[in-house]
Engineer: 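Please see the structure below; I have some questions.
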Amino acid sequence: MTVLDAKVADLSPEEILAAELPETFKAAYVEKADAVRLWEQPEEDRQRADVRDTLKVGEVPMPELAPDECLVAIMAAALNYNTIWSARFEPIPGFLFLDFLGKSGGWNARHDQDFQVLGSDAAGVVVRVGSNVTRWKPGDRVIVAAGWGDLETVLEHHDIVKSPSARAWGFETNWGGLAHFSIVKGAQLLPKAPHLSWEEAACNTLCATTSYRMLVSEHGAPFKQGDLVFIWGAAGGLGAYAVQLVKNGGGIAIGVVNSQPKQELLEDLDCDLIIRRDQMDLEGLEPRKFGKAFREIVRAEYGEDPHIIFEHVGETTFWASVYLARTGGRIVTCGSSTGANHTFDNRYLWMKTKRIIGSHGGTLQEALECNRLLEMGLLQPALSKVVALDDVAQGAHELDANTHVGKVGVLCLAEEEGLGIEDQEKRDRIGADKIEMFRKYGDL
């Protein structure tokens with residue numbers, strides 16, 4: 001009997017069903033023993049830990065499929081900053097998430113293992129469906145949204161992000177996307193854009209959906225035409241989608257970057273104002289003066305302060321973000337890549353009636369809206385570089401060092417780049433130069 005492998009995308013639904021599942025498969029994972037070892041060390045040593053020492057690639061057992069799940073053969077995936085947190089076991093080890101999830105019982109108990117398969121982005125082929133799944137069938141080409149929940153509470157159906165059962169797939173759950181196979185909820189899947197390759201389709205969902213919720217959805221800090229949107233890290237995975245969304249919606253995108261290649265990328269994205277951090281004299285500035293340096297640049301260009309600050313950097317920028325926003329402005333934050341202990345002068349918040357809005361991932365509807373923009377060619381994949389699954393630890397190390405732009409893709413079952421394109425005519429109509437614009441910035 002045929003065992004499902006890299007040729008799965010070429011098989012008919014009948015052939016996929018007739019094929020045998022492997023007992024084990026290749027995956028990128030971390031181990032509980034490393035988490036215990038690192039948490040016996042001082043905090044500063046944990047924060048300096050090299051992800052290449054803890055992020056491993058090897059065989060893991062095939063999990064049993066729950067009634068509401070699909071087994072997806074992962075053709076390609078992508079790295080996110082949550083992979084760095086997981087591999088460093090910071091701010092807490094992911095195994096605490098798995099322990100908590102496992103204690104809820106039932107099928108969730110499978111997630112509590114002494115390893116955790118990581119990854120919150122993926123594109124692939126459905127190969128098995130649970131008994132309760134009706135929307136998907138073997139052979140369907142899909143992308144995976146990271147919002148995971150049990151769909152048994154009222155909040156799940158209003159906004160999964162606000163539900164107590166909500167988890168980030170591949171970060172707060174096991175069996176993530178950096179693997180040859182993954183188990184996902186049927187309610188996490190969306191159709192793959194047919195004009196994109198596997199790696200182009202795989203890189204978008206988490207960051208694009210997060211940016212969409214932050215800047216477009218009613219759940220974030222939605223901008224309107226003419227609003228000034230100040231975007232930290234505008235050439236990164238989140239920021240690159242933010243710039244595109246702001247430009248699409250008639251806002252004014254103000255992007256902060258730290259190198260000439262990243263500036264050139266923002267120029268390609270038609271970013272309205274580009275601020276080079278590396279060309280500013282910021283060394284040793286106390287927080288208010290740090291923020292004032294950016295405010296002066298924005299005011300010199302537009303004569304006013306930003307309506308919205310797009311935050312994900314955290315500790316090193318948050319004080320400045322609160323200061324930078326105009327009176328009545330909004331700071332929307334989805335992360336803290338430089339540290340989660342934010343301090344700021346609260347007078348600039350309450351006396352100027354500003355608001356801080358927390359945002360985390362997105363709903364399936366928000367992911368669908370992003371996917372629609374990708375399918376229409378109104379949003380382009382922020383894919384700058386692709387690595388093999390065997391090299392995922394090195395890719396994560398480069399992501400951690402910020403020597404990249406956009407997203408780093410990972411080939412899983414796909415044997416080479418460029419596979420999976422079904423609608424070449426549409427690709428030609430949108431323009432390969434637009435779709436692949438990030439690729440020339442792959443090695444900074």
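In this text the structure is predicted, and so the values were computed from the model without any measurement.
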Engineer: Can you list everything that forms a side-chain hydrogen bond (donor to acceptor under 3.5 Å, both in side chains) with Arg88? Sequence neighbours excluded, please.
Structural biologist: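 Partners of Arg88 by the side-chain hydrogen bond (donor to acceptor under 3.5 Å, both in side chains) criterion, ordered by chain and then number, come out as Asp400.
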Engineer: Taking only residues two or more places apart in sequence, or in another chain, which ones meet Glu369 in a salt bridge (charged side-chain N to carboxylate O under 4.0 Å, His left out)?
Structural biologist: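 Expected list: none.
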Engineer: Leu364: what forms a side chain to side chain contact (heavy atoms under 4.5 Å, CB included) with it, not counting sequence neighbours?
Structural biologist: Ala145, Leu190
Engineer: Write out all pairs satisfying salt bridge (charged side-chain N to carboxylate O under 4.0 Å, His left out) with one or both partners inside residues 290-310, taking only residues at least two apart or from two chains.
Structural biologist: Arg295-Asp305, Arg299-Asp305, Glu304-Arg326
Engineer: Ignoring hydrogens, what is the shortest heavy-atom contact between Ala78 and Lys407? Give both atom names and the distance.
Structural biologist: CB-NZ, 4.1 Å
Engineer: Which residues pass the side chain to side chain contact (heavy atoms under 4.5 Å, CB included) test with Glu416, sequence neighbours left out?
Structural biologist: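 Glu416: side chain to side chain contact (heavy atoms under 4.5 Å, CB included) contacts with Leu419.
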Engineer: Minimum heavy-atom separation for Ser217 to Pro222, with atom names?
Structural biologist: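 For Ser217 and Pro222, the tightest heavy-atom pair comes out as O-CD, 3.5 Å.
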Engineer: Apply ring-ring contact (aromatic ring centres under 6.0 Å, His included) to Tyr212 and list each qualifying residue two or more places apart in sequence or on a separate chain.
Structural biologist: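 Tyr212 satisfies ring-ring contact (aromatic ring centres under 6.0 Å, His included) with no residue once adjacent residues are dropped.
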Engineer: Going by the rule salt bridge (charged side-chain N to carboxylate O under 4.0 Å, His left out), which residues pair with Lys192 if we only count those two or more places apart in sequence or in a different chain?
Structural biologist: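 With sequence neighbours excluded, Lys192 shows a salt bridge (charged side-chain N to carboxylate O under 4.0 Å, His left out) to Glu422, given in chain and number order.
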Engineer: What are the two closest heavy atoms between Glu200 and His195, and how far apart are they?
Structural biologist: OE1-O, 4.5 Å
Engineer: Once salt bridge (charged side-chain N to carboxylate O under 4.0 Å, His left out) is applied, do any residues pair with Glu375, and if so which ones, sequence neighbours excluded?
Structural biologist: none
Engineer: Would you kindly say whether Asp34 and Thr54 are connected by a side-chain donor-acceptor distance under 3.5 Å?
Structural biologist: no
Engineer: Hey, which of Ile252, Ile308, Leu273, Val298 is the one that makes side-chain contact (heavy atoms from CB on, under 4.5 Å) with Phe230?
Structural biologist: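 Answer after filtering Ile252, Ile308, Leu273, Val298: Val298.
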Engineer: Residues in ring-ring contact (aromatic ring centres under 6.0 Å, His included) with Phe115, at least two apart?
Structural biologist: Trp175
Engineer: Once you measure the plane-to-plane angle for Tyr348 and Tyr323, does it fall in the parallel (<30°), tilted (30-60°) or perpendicular (>60°) bin?
Structural biologist: perpendicular
Engineer: For the pair Phe294 and Trp232, name the ring-plane relationship: parallel under 30°, tilted 30 to 60°, perpendicular over 60°.
Structural biologist: perpendicular
Engineer: Donor-acceptor check, side chain of Gln380 to backbone of Gly377, threshold 3.5 angstrom: yes or no?
Structural biologist: yes
Engineer: Suppose the criterion is salt bridge (charged side-chain N to carboxylate O under 4.0 Å, His left out): which pairs have a residue in residues 352-367, not counting sequence neighbours?
Structural biologist: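 Output for this query lists Arg213-Glu366.
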Engineer: Is it true that Glu417 and Ser197 share a donor-acceptor pair across their side chains at a distance under 3.5 Å?
Structural biologist: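 Note: Ser197 and Glu417 side chains miss the donor-acceptor criterion.
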Engineer: What closest approach, in Å, do Val144 and Val184 show between heavy atoms, and which atom pair accounts for it?
Structural biologist: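 Smallest heavy-atom distance, with atoms named: CG1-CG1, 3.8 Å.
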Engineer: Taking atom types as modelled, find out whether Asn204 and Tyr241 have a side-chain donor-acceptor pair closer than 3.5 angstrom.
Structural biologist: yes
Engineer: Sequence neighbours left out, what passes ring-ring contact (aromatic ring centres under 6.0 Å, His included) with Trp198? Give chain and number order.
Structural biologist: none
Engineer: Just by distance, with hydrogens left out, do His342 and Ser336 show a side-chain donor and acceptor under 3.5 Å apart?
Structural biologist: yes
Engineer: Does CZ belonging to Arg372 count more than 12 external heavy atoms closer than 6.0 Å?
Structural biologist: no
Engineer: Among Thr205, Thr173, Asn80, Asn82, which residue satisfies the side-chain hydrogen bond (donor to acceptor under 3.5 Å, both in side chains) criterion with Ser120?
Structural biologist: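 That would be Asn82; it is the only one of Thr205, Thr173, Asn80, Asn82 passing the side-chain hydrogen bond (donor to acceptor under 3.5 Å, both in side chains) with Ser120.
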Engineer: Does Asp140 come within less than 4.0 Å of Arg135, counting only side-chain N to carboxylate O?
Structural biologist: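 Salt bridge between Asp140 and Arg135, a charged N being under 4.0 Å from a carboxylate O: no.
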Engineer: Filter on side chain to side chain donor-acceptor pair (under 3.5 Å), then keep only pairs touching residues 244-258, sequence neighbours left out; what's left?
Structural biologist: Lys247-Asp272, Asn258-Lys262
Engineer: Step by step, would you call Glu436 with Arg427 a salt bridge (Lys or Arg N to Asp or Glu O under 4.0 Å)?
Structural biologist: CA-CA 11 Å; Glu436 300 171 9; Arg427 188 180 180 90; 2.8 Å; yes
